[in-house]
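Here's the structure we're looking at; comments come further down.
Owing to the predicted nature of the structure, the values given are computational and were not obtained by experimental measurement. Start at 1 with the first residue, then count along the sequence.
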Amino acid sequence: ERTDIIMVPAGFVFLLFITATLGSENNSTEEENEGFCTTEKESCDGDTDEEKQNYAKIKWTDDKDYLIREQLDKADDEIVPNPAVAVDMFNEILKDHPQSGRANYALARTYQFLIWKTNTTEEKSDLCEKTKTILRNVLSWSDVSEYLKTASGHLFLTIAEKDCFKSKSEGIEALQFIREFEPDSRFAIVLCHDLFLEERYDEALEQIEDVLSRNPVNFLLNILKSTIMKVRKDEKKDVKQANRMLRELDYEEAMEGLKKDERMQEGGLLTMDLNYLGVELSKRNRKDIKEIIYKDASRLHLIPSPMQRPLELMKDLKSQPVWELSELQSQNRWTNAQSLTGLGQTSDKLKNIAANLKAIKEEAQEIVKEIDDGDTWIEDKASLVGHGSSYTRGLYLYSKKKHETCSKSPTLCKILKKFPDSSNCKKCISKFVLLRPKTEVLPHVGPTNAKLRAILPITVPEGDIGITVAGRDVKLEEGKIVVIDDSFENNLWNEAEDDLLILSIDFHHPDLKDREKKNAAFTDHVKNKFVIY
């Protein structure tokens, strides 16, 4: 998912980039293309005929592979419908042509299809190692076209980060390959992040300096550089110099020349990266480093505060981590129709939901029985879970009713429909959340302060359970609604012996004007990322 790559877990984002890469033009020079034929006529003069120029897969095919194109094409045709057959065909080709770049790459892609299909850990492990070995070989060859090498680098990254994740080091290895032929791409910045997270500080500094030599006002990389100078444990540690370096940076000045949409895009990407690093540092129990980064980011005015870091910040809205029901009214009577008329108060809507707890609980418990069936519940296997298992199931997602869930929870959905500040909100989610025993959802933030979140505990086990918002622990009691602003850092945990089931309901911030409630929705990327938040 990075021109628009956002550092998330990054696996599926990289798949999108691969698709774009495979359709892009080859920009290498004639000298670099020696021995390869491209669609540029001048690079093929004297070396090919019209048929060769018009060959559909010419970008993937050098002169040697062109001679065996029919065998390669036949094997290609079997990759999706019959990957096992394709493997045999490519292996036969490689017996006589072991240096065929196209056959090696296509075999790696075929192994990827088999990885997706296999049900055994042992077979998957074997396929993963074969795929990575092939791609390492292709990427090490000097006579492979830049086009094929680029595709191999991105495939290696997808395999290492998503399909066959073993350790962060293999993802870093793939990023290092990509950096060689895309030094100015988003991937070079991601490499800086990952080297930093793995505490490979000397390598991280070398890569950071390389990127900053071309883009000196990359604020996050400057913060990472200064953080390394503060936390490393050798003679290169220099806290004073790190702080001096940060004082020389001026974020507002750097943003002055950008248009509004460019400024928003830069700010959103920066915030997303900061929040990703925070989650990853929490996974590594490096709260000390996380706090340094967020304090420095706040001092540079990159985020509102170390605890509040939304992608979208509306500065005129009342801001506090935890709200009482009595506070859910606008500061100004003339703000919106609700504040003007006093009708349809949010607090009354939430009290009505709590009053129907018995019926809601009965419906929810039946839905929970389906947690292992099909795809109706979404399990967060990596993004936010520190340990244990967390599941979500949507009721209303960004103003869209989830009919499959609502058909089994009619009481709740009927109430939500009559709560337009929630059900018609384009930036809101209403959902069930279930935490298995011994589960922790790591500290994270929501995408905007334009909404608040009501949490209604439905089934609360005895033991250590709760939610922390901006450093404040909040007790969860069955049937008692808690209202938070999830643009502040928050995390949920269940260290008890039974499941914790809650209802999470987002709704418009009470200070929003009616016209602001109709503002454009999030992009699909942001929607997909935050559905489990």
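Using a 3.5 Å distance cut-off with no hydrogens or angles, the side chains of Gln176 and Arg179 do not pair a donor with an acceptor. A donor-acceptor pair shorter than 3.5 Å can be found between the side chains of Trp116 and Asp163. Side-chain contact of Glu404 with Thr376: a donor-acceptor pair under 3.5 Å is absent, judged by distance alone.
Between Arg263 and Glu266 no salt bridge is recorded (no basic side-chain N to carboxylate O distance below 4.0 Å). Residues Glu248 and Arg244 are not paired through a salt bridge, judged by the lack of any N-O separation under 4.0 Å between the basic side chain and the carboxylate. A salt bridge between Asp184 and Arg214 is present, with a side-chain N of the basic residue lying under 4.0 Å from a carboxylate O of the acidic one. Salt-bridge formation is detected for the pair Arg186/Asp273: a Lys NZ or Arg NE/NH1/NH2 atom is positioned less than 4.0 Å from an Asp or Glu carboxylate oxygen. Residues Asp194 and Lys168 are paired through a salt bridge, judged by an N-O separation under 4.0 Å between the basic side chain and the carboxylate.
Looking at Ser319 and Ser487, their side chains never come closer than 4.5 Å, going by heavy atoms from C-beta outward. Put simply, the side chain of Ser282 reaches to within 4.5 Å of the side chain of Lys290, judged on heavy atoms. Counting heavy atoms from C-beta on, the side chains of Ile172 and Arg200 come closer than 4.5 Å. Residues Asp202 and Arg232 are in side-chain contact: their nearest non-hydrogen atoms beyond the backbone lie under 4.5 Å apart. You'll find the side chain of Lys283 reaches within 4.5 Å of the side chain of Val279, heavy atoms only. Contact check for Lys517 versus Asp421: side-chain heavy atoms found under the 4.5 Å cut-off. At least one side-chain heavy atom of Asp296 sits under 4.5 Å from a side-chain heavy atom of Arg299.
In this structure, the side chain of Glu363 engages the main chain of Thr411 through a donor-acceptor pair within 3.5 Å. Glu182 places no side-chain N or O within 3.5 Å of a backbone atom of Ala188 that could act as its donor or acceptor partner. One N or O on the side chain of Ser213 and one on the backbone of Asp210 form a donor-acceptor pair closer than 3.5 Å.
In this structure, Glu206 has no side-chain hydrogen bond (donor to acceptor under 3.5 Å, both in side chains) partners at least two apart in sequence or on a different chain. Residues passing the side-chain hydrogen bond (donor to acceptor under 3.5 Å, both in side chains) test with Asn285, sequence neighbours excluded: none. Scanning for side chain to side chain contact (heavy atoms under 4.5 Å, CB included) contacts around Pro461 gives Ile465, Asn494, Ala496, Asp498, Leu500, with sequence neighbours left out. Applying the side chain to side chain contact (heavy atoms under 4.5 Å, CB included) test to Asn519 and every residue at least two apart in sequence or in another chain returns Glu516. Residues passing the side chain to side chain contact (heavy atoms under 4.5 Å, CB included) test with Ser399 are Lys426, sequence neighbours excluded. The ring pair (Phe, Tyr, Trp, His ring centres under 6.0 Å) test applied to Trp493 returns no partner, not counting sequence neighbours. Applying the side-chain hydrogen bond (donor to acceptor under 3.5 Å, both in side chains) rule to Glu199 yields the partners Arg286; only residues at least two apart in sequence or on another chain are considered. Residues that satisfy the side-chain hydrogen bond (donor to acceptor under 3.5 Å, both in side chains) test with Asn424, not counting sequence neighbours, are absent from this structure. Residues that satisfy the side chain to side chain contact (heavy atoms under 4.5 Å, CB included) test with Lys287, not counting sequence neighbours, are Glu291.
Annotation for Glu462: atom CD does not count as buried by contact number, only 12 or fewer foreign heavy atoms lying within 6.0 Å. The 12-atom threshold is exceeded at NZ of Lys230, counting heavy atoms of other residues, nucleotides or ligands nearer than 6.0 Å. Other residues, nucleotides and ligands contribute at most 12 non-hydrogen atoms within 6.0 Å of the CD atom of Glu324.
In this structure, Gln308 and Ile303 approach most closely via the heavy-atom pair O-CB, 4.1 Å. Nearest heavy-atom pair, Lys402 versus Gly394, reported as atom, atom and distance to 0.1 Å: CB-O, 3.5 Å. Phe419 and Phe507 make their closest contact through CZ-CB, 3.7 Å (heavy atoms, listed as atom of the first residue, atom of the second, distance). Across every non-hydrogen atom of Ile115 and Lys124, the tightest pair is CG2-CE, 4.0 Å.
Of the candidates Leu197, Val231, Leu224, Ile228, Val231 is the only one forming a side-chain contact (heavy atoms from CB on, under 4.5 Å) with Ile289.
Residues in residues 380-415 take part in no ring pair (Phe, Tyr, Trp, His ring centres under 6.0 Å) pair, two or more places apart or across chains. Applying the ring pair (Phe, Tyr, Trp, His ring centres under 6.0 Å) test to residues at least two apart or on different chains, none of the pairs has a partner in residues 279-311.
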Please report, to 0.1 Å, the donor-acceptor pairs under 3.5 Å made by any side chain of residues 437-455, with sequence neighbours excluded.
residue, atom, partner, partner atom, Å
Lys438, NZ, Glu495, O, 2.7
Lys438, NZ, Glu497, OE2, 3.2
Thr439, OG1, Ser389, N, 2.9
Thr439, OG1, Ser389, O, 3.2
Thr439, OG1, Arg436, O, 2.8
His444, ND1, Leu442, O, 2.7
His444, ND1, Asn490, O, 3.2
Thr448, OG1, Glu312, OE1, 2.4
Thr448, OG1, Ala450, N, 3.0
Asn449, OD1, Met314, N, 2.8
Asn449, ND2, Met314, O, 2.9
Lys451, NZ, Asp486, OD1, 3.0
Lys451, NZ, Asp486, OD2, 3.3
Lys451, NZ, Asp506, OD2, 3.2
Arg453, NE, Ser504, OG, 3.2
Arg453, NE, Asp506, OD1, 2.6
Arg453, NH1, Tyr533, O, 3.1
Arg453, NH2, Asp506, OD1, 3.3
Arg453, NH2, Asp506, OD2, 3.1
Arg453, NH2, Tyr533, O, 3.4

